[in-house]
Protein chains: 2
Amino acid sequence: MTTEKRSGGGMSEHRRARLRLEISREASRLFWEQGVAATSGDQIANAVGLSTRTIWRHFRSKESCAEPVVMQGVVTLLTVLRSWPRQSSLEDHLATELARLRHEEPPVDIADEMLAMKMIRLADTEPALRTAWLMACDQTERDMRVIVGDRLGRPGGDLEVRLHAAAAASVVRVMDEHIGAAILAGADVTEFQDVTALARRFARAIRTATGGAVGDPVA
Amino acid sequence: MTTEKRSGGGMSEHRRARLRLEISREASRLFWEQGVAATSGDQIANAVGLSTRTIWRHFRSKESCAEPVVMQGVVTLLTVLRSWPRQSSLEDHLATELARLRHEEPPVDIADEMLAMKMIRLADTEPALRTAWLMACDQTERDMRVIVGDRLGRPGGDLEVRLHAAAAASVVRVMDEHIGAAILAGADVTEFQDVTALARRFARAIRTATGGAVGDPVA
DNA sequence: GCCCATCGTGTCACTTAATGCCATACTGTC
DNA sequence: GACAGTATGGCATTAAGTGACACGATGGGC
């Protein structure tokens, strides 16, 4: 009752998120198959087996239906970053966690990842989808503020913290776009399978973008 | 006929941009006064003295009507960066150009600047407007790729270039949000009047965010 | 001067994204 | 099992956005 807003009655946050993701999957599939403009709210509702009215209860616009799927691509990395212990270096933490995710349950739905890449790709030509992608990245940045602020021992509203958080979020975004485009273009997927190398690339980019302020263990 | 797409017939790019800005001014004013949701396309059209149909000919959505005004805030800085000669340091170039802008014609409409700040502020609570702001920043980043790529002597699609461009664009965005929020909150405006200090702050932040790759003169 | 091509704008009809309202089915608590 | 609070569905409605066509302005060639 203290941490959770309400124990009974309301749909649990988790359940709501699942539903949003479900809708998002169908919407994204349709967007990819026939384009955003050619996909109607009715079609999405039909595909997921809900009434159109309910779709608009869960999403404020058609394009935003893509957000959860698009977010999925970043959400794992973000979760990993949130659990970053102060005494670890970024490289070590990323490498260990990414390796763990490879073998742990749940095995991170590959179909979702592909779908997310497709949406990001679509966002390159469809302005409507680009807003969804940018909104997702914006959310990433806000989360990043908390992480960075906590690391530097300063409030999230601090200018320095915000600059570093924005820079880090940019890295995640650009790398995501880059890797996604490469994979969709038919690049060798195994190039990104080496989690240690991947962790190093991410960590290096984040260190660079934050002027070294984010990456080292902190006392 | 060579530089300009078409000499006769079509509305010149410049004229079109002026009109878009005009519409954007009225739209932004209405958004600020009565909120985005409460402002209809008809109202905007009425305020600027055009038919509603024409509004949709120039903007693909209601929210995007705010883009030109919002963009104004960054466009000057972007113009300055585009004219950055290779042999100058970022600090020097920014300081000289910003100082020149203070006294040169046209004197950069202060009302537009204020309006832009208000829109960015509104974007903090209105998701619809946030997309407009993010789209403007996205455009900034694309422009930045060209600038950075040219500076580093590498193609704009290069991963390194994109990372640095994104970082630099982030700096511009966060600083803009920060300064805008401060001014709207009633901070002392004179704090940002010292162009030399301002130039130093921007340059320092960009140097940091790009790991020092962008800022020095290049041979 | 005139004619003509081209494009911007207005008007109207139309599609559809999105919201409000109310009745109903569901989910958990006592 | 009664009850409270919600999520959902269906329907009416608003408003965002588009297509089609006609008119007027602009500018270029003769």
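Chain letters run A, B, ... following the sequence lines, proteins first and then strands; every chain starts at 1.
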The side chain of A:Lys62 lies closest to which of these nucleotides: C:dT11, D:dG9, C:dA17?
C:dA17
Check the phosphate of C:dG10 against B:Ser51, side-chain N and O only, distance under 4.0 Å to OP1 or OP2. Yes or no?
yes
Of the listed nucleotides (D:dT8, D:dT18, D:dG10), which one gets closest to any side-chain atom of A:Arg53?
D:dG10
Atom-pair distance (CG on A:Asp42; P on D:dC11), nearest Å:
13 Å
Quiz question: by atom type and distance under 3.5 Å, do the side chains of B:Asp42 and B:Ser40 form a donor-acceptor pair?
no
Taking the side chain of B:Arg57 as its heavy atoms from C-beta onward, which of D:dG17, D:dG9, C:dG10 lies nearest to it?
C:dG10
Please confirm whether the backbone N or O of B:Asp124 pairs with a side-chain atom of B:Arg130, one donor and one acceptor, at under 3.5 Å?
yes
Side chain of A:Trp56 only, please: which of C:dT11, D:dT8, C:dA18 is the nearest?
C:dA18
D:dT8 P sits how many Å from A:Asn46 CG, rounded?
17 Å
A side-chain contact here means heavy atoms from C-beta on lying under 4.5 Å apart; do B:Leu21 and B:Asp112 qualify?
yes
To the nearest Å, how far apart are A:Arg60 CZ and D:dA16 P?
17 Å
Does anything in residues 24-40 of chain A come within less than 4.0 Å of DNA chain C? Heavy atoms only, and list the residues if so.
A:Ser40
For B:Phe59 and B:Arg20, the nearest pair of non-hydrogen atoms, with its separation, is CZ-O, 3.5 Å
In whole Å, I'd like the distance from the CD1 atom of A:Ile55 to the C1' atom of D:dA7.
13 Å
Of the listed D:dG19, C:dA18, D:dG10, the closest approach to the A:Glu63 side chain comes from C:dA18
Does A:Thr52 reach a base, just sugar-phosphate, or nothing at all? Heavy atoms under 4.0 Å.
nothing
Between C1' of D:dT6 and NE2 of A:His58, the distance in whole Å
11 Å
Of the options C:dG10, D:dG19, D:dT8, whose atoms approach the side-chain atoms of A:Leu19 most closely?
D:dT8
Salt bridge or not for B:Glu97 and B:Arg82, using N-O below 4.0 Å?
no
What I want to find out is whether A:Arg173 reaches A:Glu177 closely enough, with some N-O distance under 4.0 Å, to be called a salt bridge.
yes
In this structure, how many angstroms lie between the C1' atom of C:dT15 and the CD atom of A:Gln43, rounded?
14 Å
Using whole Å, what does the distance between atom P of nucleotide D:dA25 and atom CZ of B:Arg15 come to?
13 Å
Would you call A:Arg145 and A:Glu141 a salt bridge, using N to O less than 4.0 angstrom?
yes
